[in-house]
Amino acid sequence: MNSSNELIACGKYMLHNNLAWGTSGNISSRFDENTMLITASGTFMGDLKDEDFVLFDLQNEQNLSERKASKETPMHTGIYKTRPDVQAVIHSSPFYTTLFACSKEPILANLFIENFYYLENIGYVDYFHPGTRELGEAIAEEAKKSDVIMMRNHGVVVLDSSISEALMRIETLEMTCKMMLTAKSSGIELHSLPSFKVTEFLEESLYKPRIKR
């Protein structure tokens, strides 16, 4: 499966699983060391086609295709330049995640196994207008230490070693936010594990190699 096919499948999965809606959000993957493939401006996440992607030069910050790149290209570019290990980036505004992004409520990362792993490094950036250089710079700086970046009053961006892992990361985040809100509205008190138990799992279990920052 080539990069565009992976991104097409990613967009469909996100739409069908309430991780994206309409033209909100954008996705990209590293094409090679110096370029990325990113959704073009105004593309519908659930109906992407090969022509809906732009090849973009990361070093020269130059569009190598005819279509206009997503307005959030500065954000994606900043992440790939800051983090050579990152191969895929997803930006979206899922309902529950965005609800938390519009609040001061902290997201718990000590509830269940996938939650331990995929939400270990959550960062936050203040609101900047979409597509601005300021937002791109803030995201790039936060990406040095975070794999999930909550964008205040906007949404979230997740970064990972593959499209499938990035999808798992954003889906775990959305599930966690939904779980927390459901528990709160139902009067259910969530039981969080102590930090030493979470660290023990991340360091000693055979689940996945821990991503260290």
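Just so you know, these numbers come straight off a predicted model, no measurement behind them.
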Listed by chain and number, what are the salt bridge (Lys or Arg N to Asp or Glu O under 4.0 Å) partners of K184, not counting sequence neighbours?
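Testing K184 for salt bridge (Lys or Arg N to Asp or Glu O under 4.0 Å), a comparison that skips the adjacent residues, returns E105.
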Any side-chain donor near an acceptor of the partner, E142 and S146, under 3.5 Å:
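Result is yes, a qualifying pair exists.
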Does either side chain, that of E114 or that of T172, offer a donor lying less than 3.5 Å from an acceptor on the other one?
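Per modelled atom types, E114 and T172 side chains form no pair under 3.5 Å.
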Greater than 12 external heavy atoms within 6.0 Å of [X]'s [atom1]:
| X | atom1 | value |
| --- | --- | --- |
| R152 | CZ | yes |
| K12 | NZ | no |
| M175 | CE | no |

Contact summary for V158 and A166, nearest pair of heavy atoms:
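Of all heavy-atom pairs spanning V158 and A166, the closest is CG2-O, 3.6 Å.
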Closest non-hydrogen atom pair, T98 against G155
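Nearest pair, atom of T98 first, then G155: OG1-CA, 4.2 Å.
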What residues, two or more places apart in sequence or in another chain, satisfy side-chain hydrogen bond (donor to acceptor under 3.5 Å, both in side chains) together with D57?
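D57: side-chain hydrogen bond (donor to acceptor under 3.5 Å, both in side chains) contacts with N60.
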Separation of [Y] [atom2] from [X] [atom1] (nearest 0.5 Å):
| X | Y | atom1 | atom2 | answer |
| --- | --- | --- | --- | --- |
| D47 | D52 | CG | CG | 7.5 Å |
| D160 | R169 | CG | CZ | 4.0 Å |
| H191 | L108 | NE2 | CG | 12.0 Å |
| N26 | S92 | CG | OG | 8.5 Å |

Presence of salt bridge, E72 and R133, under 4.0 angstrom
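No, R133 and E72 are not salt-bridged.
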Taking only residues at least two apart or on different chains, which pairs with a member in residues 19-71 satisfy ring-ring contact (aromatic ring centres under 6.0 Å, His included)?
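Residue pairs passing ring-ring contact (aromatic ring centres under 6.0 Å, His included), neighbours aside: none found.
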Qualifying ring-ring contact (aromatic ring centres under 6.0 Å, His included) pairs, either residue in residues 116-163, two or more places apart:
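Listed once each, the pairs are H91-H154, F116-F201, Y117-Y207, Y127-H129.
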Under 3.5 Å donor-acceptor pairs involving side-chain atoms of residues 34-42, not counting sequence neighbours:
{"unit_1": "T35", "atom_1": "OG1", "unit_2": "D32", "atom_2": "OD1", "d": "2.7"}
{"unit_1": "T35", "atom_1": "OG1", "unit_2": "D32", "atom_2": "OD2", "d": "3.4"}
{"unit_1": "T39", "atom_1": "OG1", "unit_2": "I27", "atom_2": "N", "d": "3.3"}

Apply side chain to side chain contact (heavy atoms under 4.5 Å, CB included) to Q87 and list each qualifying residue two or more places apart in sequence or on a separate chain.
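Side chain to side chain contact (heavy atoms under 4.5 Å, CB included) check on Q87 returns R30.
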